[in-house]
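Ligands are counted one by one from 1 in listed order, and the atoms in each one are counted from 1 as well. Just so it is clear, the values below take in all heavy atoms, side chains as well, and ignore hydrogens, waters and symmetry mates. Treat the numbers as computed from the prediction; the structure is a model and nothing was measured.
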Amino acid sequence: MGNTDAPHSAAAAMSDEAIHARADELLSQLTVAEKAGQLSQYFYFGFMREMPADQVNDIAAAGHPDKVEAALARGEAGSLLFVTDPAETNRLQRLTLEGNRLGIPALFGFDVIHGFRTILPVPIAMAASWDPETIERGQAVAAREARAVGIHWAFAPMVDIARDARWGRIIEGAGEDPYLGAAVAAAQVRGFQGSRLGTPERIIAGPKHFAGYGAALGGRDYDEVNLSDSELWNVYLPPFQAAVEAGAGNIMSAYMDLNGIPASANHWLFVEVLRDLWGFDGFVVSDANAVRNLLTHGFAQDLTDAAARAVNIGLDMEMAVADPAYTRLPDAVESGATTEQVLDASVRRVLEAKLRMGLFEDPYVDEDQAREVLGDPAHRAVARRAAQRSAVLLRNEGGLLPLDTSALRSIAVIGPLADSPRDTLGPWVFDFDLDETVTILRGVRDRAGEGTDVRHAPGVRVPQRVFASMFDMFDGNTAADADDFDDEAEYQRAIELVAAADVALVVVGEAQNMIGEAASRSSLELPGRQLELLKAAVGTGTPVVALVMNGRPLDLRWAAENVPAILDVWYPGTQGGAAVADLLFGDVSPAGKLPFTWPRTGGQIPMIYSHTISHEPEKQAQRYWDEQSTPLFPFGHGLGYSQFEYSALGVDRDTVTAGEAVEVTVTVTNTGAREADDVAQLYLHQRHGSASRPVRELKGFQRFTLAAGESRVLQFELGGTHLRYWNAGSRDWVNDASTFDVWVGGDSRAALTTTFRVVES
Ligand code: BGC
């Protein structure tokens, strides 16, 4: 991928002062209508041209490509989203420049969530790698491909903490934990942007959705969020702060009400926290139609009011499916609901982003080069490694995995997702290539070689959603609910294949359109007859490996007791099946770790490892009378093909004064017979103080590789930010004098422990 960190264009090398001056110069020449245009971002759905007129509703009509192009021609559209073809981005950019008397190019944004053409594992999987370097490299590949086709900006990473697996967008984030979430957020920003905005082959990162969106009531997408002061500061805001500190050029607002006030017009969030406290100087975009929605919320009285109230809190750009509310900004200035100074501040931020990205000098892309970049085999290698590193081995009784090839003559690969390229990629991808996508069946076939008979049967179908997905219009390639599928015959055929095989790989999970945006779910059960199929497969006596394709924890209670090996492969992307085969056959040892607590059943949600403790803690596991209130798999859990011993945990000083740092050391030893990775996780607990603190909180982690028999000493530093927390009583950060317990080990149940004391300075 070459060295991409040196700015290549004159613009990218422009000093901050030069950029400010150029933005001011442009600003002074813009009319109010043109300013409003710079702040308006339009969806551009080229396919609507071919849509029968009777299917185009009012909203869609207002955002029809013809209308968008007319706005471009008038110099009144600052940004477009959803254009992915380099010839199209060039054509539309040309139209923009022809229509714009000052030659201000358009900024093209897109949901580059987990890859563009080369699809990486879904974000929750990437987080499960616990490997910031893999995450950064993955998003750098995504950025390079997107930039090559003319996209300048990713609506990613999604850094929303998610503690409710019913919420479909749990798949887009890094799970439940603020420390892991912050590390993953920063790595993604670095991956997308490089060392600074304007780095060649990189794009602007847009962390979203500010803030609290993951805590939707009942896990229902877009529903209200009510978060305590403590949860906001200690849990939900840290990943955003980390993303801002990593230099993110953009932030996206959220759809829902936060504590009764729409997030997209929330003065406290955007002015007090984001700008004043964190010093964010990039531009803010609304979520799609979120400004319009201020009416829906019963907050704004009309679109002019909505536009004014959004821009007044520094929501610089409106993302609009149709007819942007921001086209009313001139009226709002006229009526005094906002001022031209407010608009100027927003326009300046948008212009500076365009200048920093070098768009004035280099507005177009080279279509031949784009083709080359999209086909780069190095990108596939990055995706394959990411999929290897993100899979989580949940269970491996009797060492069934890795498969012993010398003893294998036949393998049955069962399940409706096993050979579905579209499902292998996961949701939130649009420019994929199904032909090159390696399904699990294909990966296993390629790796097993000639001497092993690999047979496949779907066995059952994945049922359709009760309510269709809005994304189906882009896809339609999910494991089909085929009309000619003979349920009983297929089921029998699958079980017969299992019975006749030396080992069975049963792929279970959710189809990709059952998870993601607007894909919340009221239960965690395996959809359709998949559990029945799994039970029948185990019933044949053939050893069974369950491969789980998912973006949320599913109800695996039966499997966790009856299926000897369970490998969570998530939606592993373009090279997914190849990576799964690498793991199954032992070419690579799995070492992914769960980024969330895996509940036994949906009724336990929310369940987190970092809970506080209260009355009758000895009955913590029996809070429900009908089911254990412990997880099925703990946060941070994940096995491998070797074993690791953690020993000699120590601190460099027993006592420090508040504000000082402690150095923690631990020895890790690979006691198994092969090279493997593990993730050392450090957890902390404050014993007493001015608030009750969680039983454990993650405060450090390191993924490492050791050869068989090898040992290494790992170091962790626990400084001020690790030891402080937001106290909801004093409404401030505090560093309590207290005794602290430290644990280090391979998951959140780590037993090796030591203590140190913090005393008043
Ligand atoms: C989602 C955003 C996304 C936007 C544009 C919205 O529905 O909430 O995350 O970036 O659409 O596709």
Side-chain angles (χ1 to χ4, degrees), residues 40-48 59-60 63 68 79-84 107-116 122-124 139 142 146 151-162 167-174 185 188 192 203-216 219-225 239-240 243 248-258 262-264 283-294 296-297 315-322 324 426-431 469-475 513 515-520 551:
S40 301
Q41 182 185 51
Y42 290 79
F43 271 84
Y44 188 92
F45 288 136
F47 63 79
M48 270 174 50
I59 294 248
V68 179
S79 178
L80 297 184
L81 75 151
F82 258 86
V83 190
T84 56
L107 197 58
F108 288 81
F110 191 57
D111 288 283
V112 187
I113 308 298
H114 55 111
F116 181 73
V122 290
I124 193 79
Q139 296 302 34
I151 291 164
H152 314 122
W153 160 27
F155 307 132
M158 190 195 90
V159 305
D160 295 309
I161 293 292
W167 190 56
R169 302 193 83 170
I170 186 174
I171 191 174
E172 282 178 66
Q188 295 197 75
F192 281 124
I203 59 180
I204 302 170
K208 64 189 186 184
H209 308 81
F210 200 56
Y213 178 43
R220 293 179 296 272
D221 213 355
Y222 318 133
D223 273 12
E224 70 190 79
V225 166
F240 283 98
N250 170 258
I251 292 277
M252 186 187 289
S253 74
Y255 276 132
M256 75 305 150
D257 287 303
L258 174 64
S264 293
F283 68 107
V284 170
V285 70
S286 76
D287 201 343
N289 270 0
V291 177
R292 220 163 225 284
N293 283 347
L294 296 177
T296 315
H297 288 257
L315 199 147
D316 303 310
M317 186 181 278
E318 179 192 7
M319 181 191 289
V321 175
W428 267 127
V429 292
F430 303 94
D431 201 73
S469 163
M470 65 172 171
F471 292 104
D472 289 348
M473 72 172 172
F474 297 104
D475 286 316
N513 70 349
I515 180 103
E517 186 176 357
S520 292

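- Atom CZ of residue F108 and atom CD1 of residue I204 lie 13.0 Å apart, to the nearest 0.5 angstrom.
- Of all the atoms in ligand 1, the ones that sit under 4.0 Å from a non-hydrogen atom of K208 are 2 (C), 3 (C), 9 (O), 10 (O).
- Ring centroid separation for the pair F110 and F82 comes in under the 6.0 Å cut-off.
- Aromatic pair Y44/Y42: centroids not less than 6.0 angstrom apart.
- Closest to atom 7 (O) of ligand 1, if we only count protein heavy atoms, is E517 OE2, 2.7 Å.
- At a heavy-atom distance under 4.0 Å, no atom of M158 approaches ligand 1.
- Counting heavy atoms only, D287 comes closest to atom 8 (O) of ligand 1 of the residues V321, D287, D111.
- Residue Y255 has at least one nitrogen or oxygen atom sitting less than 3.5 Å from a nitrogen or oxygen atom of ligand 1, judged on distance alone.
- Residues I113 and M158 have side chains not in contact (no heavy-atom distance under 4.5 Å, counting atoms from C-beta outward).
- Atoms of ligand 1 lying under 4.0 Å from at least one heavy atom of F155, given by number and element, are 10 (O).
- Residue contacts with ligand 1 include R169, since one of its heavy atoms falls under 4.0 Å from the ligand.
- Under 4.0 Å from ligand 1, the heavy atoms of W428 that appear belong solely to its side chain.
- Atoms CE and CG, on M256 and N293 in that order, are 12.5 Å from each other to the nearest 0.5 Å.
- Ligand-side atoms of ligand 1 in range of F82: 12 (O), range being under 4.0 angstrom from any heavy atom.
- To the nearest 0.5 angstrom, Y255 atom OH is 5.5 Å from E517 atom CD.
- For the atom pair R169 CZ and D221 CG, the distance stands at 6.0 Å (nearest 0.5 Å).
- At a 4.0 Å heavy-atom cut-off, ligand 1 does not touch M470 at all.
- The aromatic rings of H209 and Y213 stand perpendicular to each other, their planes meeting at an angle above 60°, with 30° marking the opposite boundary.
- Taking a 4.0 Å cut-off on heavy atoms, H209 registers as neighbouring ligand 1.
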